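This report concerns only the one structure given below.
Values in this document were obtained by computation on a predicted structure and should not be read as measured data.
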Amino acid sequence: MREYPAFIIDRSKRSEASKYKYDYVVCTDKEVGFIAKVYKLPKSTWSDFDKMIDAMPKDVADIKYCTHLSHDSALVLEVVKYLYEPLYNKSRLKPLLKKAIKAYIFGEADFIHGDGSEMDLQINAVQDVLDIAFSQEPHLVEMNGREATDLFFTTLQEAICSLKLLKLLKPTTDSK
């Protein structure tokens, strides 16, 4: 019996001290273990990503990438290292990649739900910040420049979308 988790999720990108710009998922499987980085693609880049995947041989793409689509973005899990090479049992990778991305998503939900606070309150709080920021847009542009202001707005909008997705994936303790 295994005495450690099947997937280890590293969310250190959230730390200012982190030198990594991605989260990572490590699959500890003894035959086809892997390290994968996790990133989010906005809807506007999906076609470019699809073209890149289509240009790869299908057997390579199937064991290197796994995606989870939402209404405005895609969560991508990309294998960056296989722990045991050569891979003798490639057919086990695709199901493990799917399990890994689910572990990441539901782990994200647990991370955000934390003590069980209501998701709606979190969504509304970020929306309030965004509304206030929009009302102060000329001042933000003057202080920070157009590019930084647009990035701020986009980041807040993506945070709201992520919270809404997480709300759909896992009910909060308040909804019992």
Side-chain angles (χ1 to χ4, degrees), residues 1-116 119 122-123 154-155 157-173 175-176:
M1 182 171 145
R2 182 176 35 224
E3 295 182 23
Y4 50 86
F7 301 102
I8 300 169
I9 300 169
D10 175 10
R11 299 183 194 281
S12 64
K13 81 170 184 180
R14 290 179 174 80
S15 168
E16 290 182 24
S18 177
K19 64 180 183 176
Y20 303 106
K21 64 180 186 175
Y22 301 105
D23 284 342
Y24 287 86
V25 176
V26 177
C27 174
T28 59
D29 187 271
K30 290 185 179 189
E31 290 180 7
V32 290
F34 57 83
I35 300 170
K37 65 182 176 182
V38 182
Y39 52 93
K40 191 174 175 182
L41 291 177
K43 191 172 191 172
S44 61
T45 63
W46 287 2
S47 61
D48 293 335
F49 182 77
D50 286 342
K51 287 176 189 172
M52 181 192 76
I53 297 295
D54 291 342
M56 293 181 170
K58 183 163 175 39
D59 62 325
V60 172
D62 282 350
I63 64 171
K64 187 166 175 75
Y65 293 95
C66 184
T67 58
H68 179 84
L69 303 177
S70 69
H71 67 282
D72 68 338
S73 63
L75 190 65
V76 178
L77 189 129
E78 177 185 342
V79 175
V80 293
K81 171 88 174 123
Y82 297 105
L83 300 179
Y84 310 102
E85 294 187 68
L87 296 172
Y88 292 111
N89 200 350
K90 291 180 183 179
S91 64
R92 292 193 55 230
L93 271 167
K94 191 165 181 101
L96 282 172
L97 287 168
K98 287 181 181 181
K99 286 180 182 178
I101 206 160
K102 283 181 183 175
Y104 180 84
I105 290 169
F106 287 106
E108 185 76 6
D110 291 341
F111 181 81
I112 288 181
H113 290 297
D115 62 358
M119 289 296 288
Q122 295 178 43
I123 293 166
T154 301
T155 302
Q157 289 166 334
E158 287 184 10
I160 291 168
C161 290
S162 294
L163 288 169
K164 287 178 179 178
L165 173 64
L166 291 171
K167 181 181 174 186
L168 292 173
L169 292 174
K170 184 174 181 186
T172 64
T173 56
S175 63
K176 290 180 180 176

Qualifying ring pair (Phe, Tyr, Trp, His ring centres under 6.0 Å) pairs, either residue in residues 72-97, two or more places apart: none

Can you confirm whether more than 12 heavy atoms, excluding those of Lys99, are under 6.0 Å from its NZ atom? no

Lys/Arg-Asp/Glu bridge criterion (N-O < 4.0 Å) met for Asp29, Arg92: yes

If you measure from CD1 on Ile35 to CG on Asp10, what distance do you get to the nearest 0.5 Å? 10.0 Å

After noting the C-alpha distance and the side-chain angles of Val79 and Leu97, does the key distance pass the side chain to side chain contact (heavy atoms under 4.5 Å, CB included) rule? CA-CA 9 Å; Val79 175; Leu97 287 168; 3.6 Å; yes

Looking only at heavy atoms, which two atoms of Leu93 and Leu87 are closest? And how far apart? CD1-CD1, 3.6 Å

Under 3.5 Å: donor-acceptor pair, side chain of Thr28, backbone of Pro5: yes

Do you know which two heavy atoms are closest between Leu69 and Ala74, and how far apart they sit? CD2-CB, 3.5 Å

When every non-hydrogen atom of Ile9 is compared with those of Val25, the smallest separation belongs to CG1-CG2, 4.3 Å

For the residue pair Ala61 and Ile53, what are the closest heavy atoms and their distance? CB-CG2, 3.9 Å

Taken to the nearest 0.5 Å, the spacing of Thr67 OG1 from Ile101 CD1 works out to 6.5 Å

Side chain to side chain, Lys58 and Asp62, heavy atoms closer than 4.5 Å: yes

Distance check, rounded to the nearest 0.5 Å: Leu77 atom CG versus Leu75 atom CG? 7.5 Å

Heavy atoms of Ala100 and Phe7 approach each other most closely as CB-CE2, 3.5 Å

Please check if the number of heavy atoms outside Tyr20 that lie under 6.0 Å from its OH is greater than 12. no

Would the number of heavy atoms belonging to other residues, nucleotides or ligands and lying under 6.0 Å from NZ of Lys37 be above 12? yes

Please confirm whether the backbone N or O of Glu158 pairs with a side-chain atom of Ser162, one donor and one acceptor, at under 3.5 Å? yes

As a quick check of understanding, evaluate side chain to side chain contact (heavy atoms under 4.5 Å, CB included) for Lys94 and Ile63, giving each step before the final call. CA-CA 6 Å; Lys94 191 165 181 101; Ile63 64 171; 5.8 Å; no

Heavy-atom side-chain proximity of Val38 to Val76 below 4.5 angstrom: no

Does the plane of the ring in Tyr65 sit parallel, tilted or perpendicular to the ring in Phe49? Use 30° and 60° as the thresholds. perpendicular

4.5 Å side-chain heavy-atom contact, Thr45 and Ser47: no

Closest heavy-atom contact between Phe34 and Val32? CD2-O, 3.5 Å

Within 45° of the six-membered ring axis of Tyr24 and under 6.0 Å from that ring's centre, is NZ or CZ of Arg11 located there? no

